[in-house]
Trainee: 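My questions will all concern the structure given below.
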There are 2 protein chains.
Amino acid sequence: MLSFTEENYLKSLFQLTVETALKEEAGTNELAAHLGVKPATANDMLKKLKEKKLIKYEKYGKSSLTKEGKKIAIDVIRKHRLWETFLFEKLEFSWDEVHEVAEQLEHIQSKKLIDKLDKLLNYPVSDPHGDPIPNAKGEMMILHQQTLAEESVGHQCKMTGVKDNSSAFLKYVDQLGLAINKTIKVLARHEYDDLIEIEVNGKRISVSPKFAENIFIFCTACKKKTNR
Amino acid sequence: MLSFTEENYLKSLFQLTVETALKEEAGTNELAAHLGVKPATANDMLKKLKEKKLIKYEKYGKSSLTKEGKKIAIDVIRKHRLWETFLFEKLEFSWDEVHEVAEQLEHIQSKKLIDKLDKLLNYPVSDPHGDPIPNAKGEMMILHQQTLAEESVGHQCKMTGVKDNSSAFLKYVDQLGLAINKTIKVLARHEYDDLIEIEVNGKRISVSPKFAENIFIFCTACKKKTNR
DNA sequence: TTAATTTGTTAGATAAGCCTAACAATTATA
DNA sequence: TATAATTGTTAGGCTTATCTAACAAATTAA
Ligand SMILES: [Mn+2]
Ligand SMILES: [Mn+2]
Ligand SMILES: [Mn+2]
Ligand SMILES: [Mn+2]
């Protein structure tokens, strides 16, 4: 049985590597920053997790998950996202409130609990932020997601999720009338200040590049397919 | 913010004193045994909780909860029992499976979560074992419960709950066809081996005194009223 | 290719929660 | 009431997870 802390390290490592699929491995400092601890602390844990054969790690090298470590990370993520969905669907939480509580709930140990929760929610495939929920076998969609920042002028797309899960960002998204499944049309990019002008709900609004980078979209015109 | 461990100590102290209402205070060894730790460990924690003004404790004396400590204990118990009810009512858990998982869930910190859960369950007043659930204000029924062991021969009563919450006992209760709200008639007490003969579901069965002591009942004939 | 910067490691502390072993106080019993 | 049994405390250790400060390796830039 792993501690909450060990589970959190595996989850972080997963998110920094496999999930984004851009990298195979993550550095000690990077992992420490992601978890909000000092590098020295992360270093100790990396040695411990290596000992337990949950990660691959060599002194002065980058770290990555072993098969077993990945399995555990996916299980924690499955629990996290199912709980977020439960809070959102059944307990009237808003999408900016669910993450904090799910951080606690994801560590509850009970296979039956999570499988019944999955059933109660009717086997959802994505959480309130559009992130994929692994199934009971640990299989999950990994989408090569495109962000609004990358979308071409003139194209129309659908919002599929958010990259930033912070409450502040999510509330801002709400305020602008954006939400998952909304149709967005990119009207213009202004060279002068880099703002992106879009149309949502029949209204024109301008968003910053920072904002746009955190909105995941699917563009039918672009025909980028999901893989794996 | 208290740790899981601190919360568990307050809950145990509550269960050993206020809840049974037979005692005002509990000893160090007793508390240690209830929590499954050594007396030396409990002793350290008692000093810490006294420091935090959550309990009254003097060297070589018994311990009791302060008003603040009691409030926290009741909150943990409220969470525990609401979660048990949720697992039982919404997730198809049997009454002998809920306790273990609720031991984990009772430490989740989110006022909104527990209030919404309460609402989802339609503000239940008792858990799957018949134990009272404190409301959002911390008010709860404290019943002077009578056990089947105390019931007079010839009397008819209704099962209201169980004292022992262990999975083994609960499964045994199930097996015998007993359950909360079942009508039980005490047919005889056999001096020879102390067995108590009862009628349930139109069938005669015999139970041991140990068994009978763990079944709470309400006897209309006896007219013992609930108080507080 | 040396120097500066970044990245990662080690040593030594601390706090929480647990333990055992030794001892002290209290309570029960002869 | 003296002694035995029970109950409670202390001292000292261990483990986990964290930190700071000092240092070492690797990478980047001059
Ligand atoms: Mn989340
Ligand atoms: Mn977590
Ligand atoms: Mn319980
Ligand atoms: Mn507990």
Side-chain angles (χ1 to χ4, degrees), chain A residues 1-13 15-17 22-65 69 72-73 76 103-104 106-109, chain B residues 1-13 15-17 22-65 69 72-73 76 103-104 106-109:
Chain A
M1 191 96 314
L2 298 184
S3 67
F4 285 23
T5 307
E6 289 169 319
E7 287 192 345
N8 285 338
Y9 274 84
L10 295 177
K11 187 177 73 150
S12 270
L13 193 48
Q15 288 172 340
L16 290 172
T17 59
L22 299 170
K23 291 186 301 174
E24 281 289 298
E25 34 181 36
T28 305
N29 287 3
E30 189 187 2
L31 185 62
H34 195 254
L35 283 157
V37 298
K38 300 290 161 178
T41 306
N43 187 262
D44 283 347
M45 185 57 87
L46 289 175
K47 289 189 225 163
K48 198 190 356 169
L49 292 174
K50 183 205 167 134
E51 208 49 48
K52 294 193 176 185
K53 302 218 161 86
L54 298 171
I55 66 166
K56 282 165 232 152
Y57 162 76
E58 293 304 332
K59 206 162 146 178
Y60 290 108
K62 310 261 176 202
S63 308
S64 61
L65 292 166
I72 295 168
V76 176
E103 274 302 306
Q104 301 177 59
E106 74 189 5
H107 303 292
I108 303 293
Q109 307 279 274
Chain B
M1 193 93 314
L2 298 184
S3 68
F4 286 21
T5 308
E6 290 168 316
E7 287 192 346
N8 284 338
Y9 274 83
L10 295 177
K11 188 177 72 148
S12 270
L13 193 47
Q15 288 172 339
L16 290 172
T17 59
L22 299 171
K23 292 186 300 174
E24 281 289 298
E25 34 182 37
T28 305
N29 287 5
E30 190 187 359
L31 186 61
H34 195 254
L35 283 157
V37 297
K38 298 291 162 179
T41 306
N43 187 263
D44 284 347
M45 184 57 87
L46 289 175
K47 290 189 225 163
K48 200 196 346 175
L49 293 174
K50 185 209 166 131
E51 208 49 51
K52 294 194 176 184
K53 301 217 162 82
L54 298 172
I55 66 167
K56 280 166 235 152
Y57 162 76
E58 294 304 332
K59 206 161 142 177
Y60 290 109
K62 309 260 176 204
S63 307
S64 61
L65 292 165
I72 295 167
V76 175
E103 274 302 305
Q104 300 177 60
E106 74 188 4
H107 303 292
I108 303 292
Q109 308 279 267

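In what follows, chains are A, B, ... by sequence order, proteins preceding strands, each numbered from 1.
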Trainee: A:N29 has an atom CG; how far is it from atom C1' of D:dC19, in whole Å?
Mentor: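 Computing the A:N29:CG to D:dC19:C1' distance gives 15 Å.
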Trainee: Is B:N43 close enough to D:dG8 that one of its side-chain N or O atoms is under 4.0 Å from OP1 or OP2 there?
Mentor: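 It does not, given that no N or O in the side chain of B:N43 lies less than 4.0 Å from OP1 or OP2 of D:dG8.
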Trainee: Let me have a per-nucleotide readout for nucleotides 14-28 of chain C, 5' to 3', with B, S or -, counting only protein heavy atoms under 4.0 Å.
Mentor: --SSBBB---BS---
Trainee: Only one of B:L13, B:L35, B:V37 forms a side chain to side chain contact (heavy atoms under 4.5 Å, CB included) with B:N8, so which one is it?
Mentor: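 Single side chain to side chain contact (heavy atoms under 4.5 Å, CB included) partner of B:N8 among B:L13, B:L35, B:V37: B:L35.
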Trainee: If the cut-off is 4.0 Å, is A:K47 near the phosphate of C:dT10, judged by side-chain N/O to OP1 or OP2?
Mentor: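 Yes, because at least one side-chain N or O of A:K47 sits under 4.0 Å from OP1 or OP2 of C:dT10.
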Trainee: Is it true that A:E58 and A:K50 have a side-chain N and a carboxylate O under 4.0 angstrom from each other?
Mentor: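 Yes, charged N to carboxylate O under 4.0 Å.
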Trainee: Measure the distance from NZ on A:K50 to P on C:dT9 and round it to the nearest whole Å.
Mentor: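 Distance, rounded to whole Å: 11 Å.
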Trainee: Distance-only, no hydrogens or angles: does the B:Q104 side chain make a donor-acceptor pair with backbone N or O of A:Q109 under 3.5 Å?
Mentor: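 Confirmed, B:Q104 side chain pairs with A:Q109 backbone.
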Trainee: Salt bridge check, A:K11 against A:E103: does any charged N sit closer than 4.0 Å to a carboxylate O?
Mentor: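 The answer is yes: the pair qualifies as a salt bridge.
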Trainee: Can you check whether B:K48 reaches B:E6 side chain to side chain, under 4.5 Å on heavy atoms?
Mentor: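 A side-chain contact exists here, since the closest heavy-atom pair is under 4.5 Å.
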Trainee: Without decimals, in angstroms, what is the distance between A:K62 NZ and C:dT7 P?
Mentor: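 That distance rounds to 8 Å.
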Trainee: Is there a donor in the side chain of B:Q15 and an acceptor in the side chain of B:S12, or the other way round, less than 3.5 Å apart?
Mentor: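 There is no such pair between these side chains.
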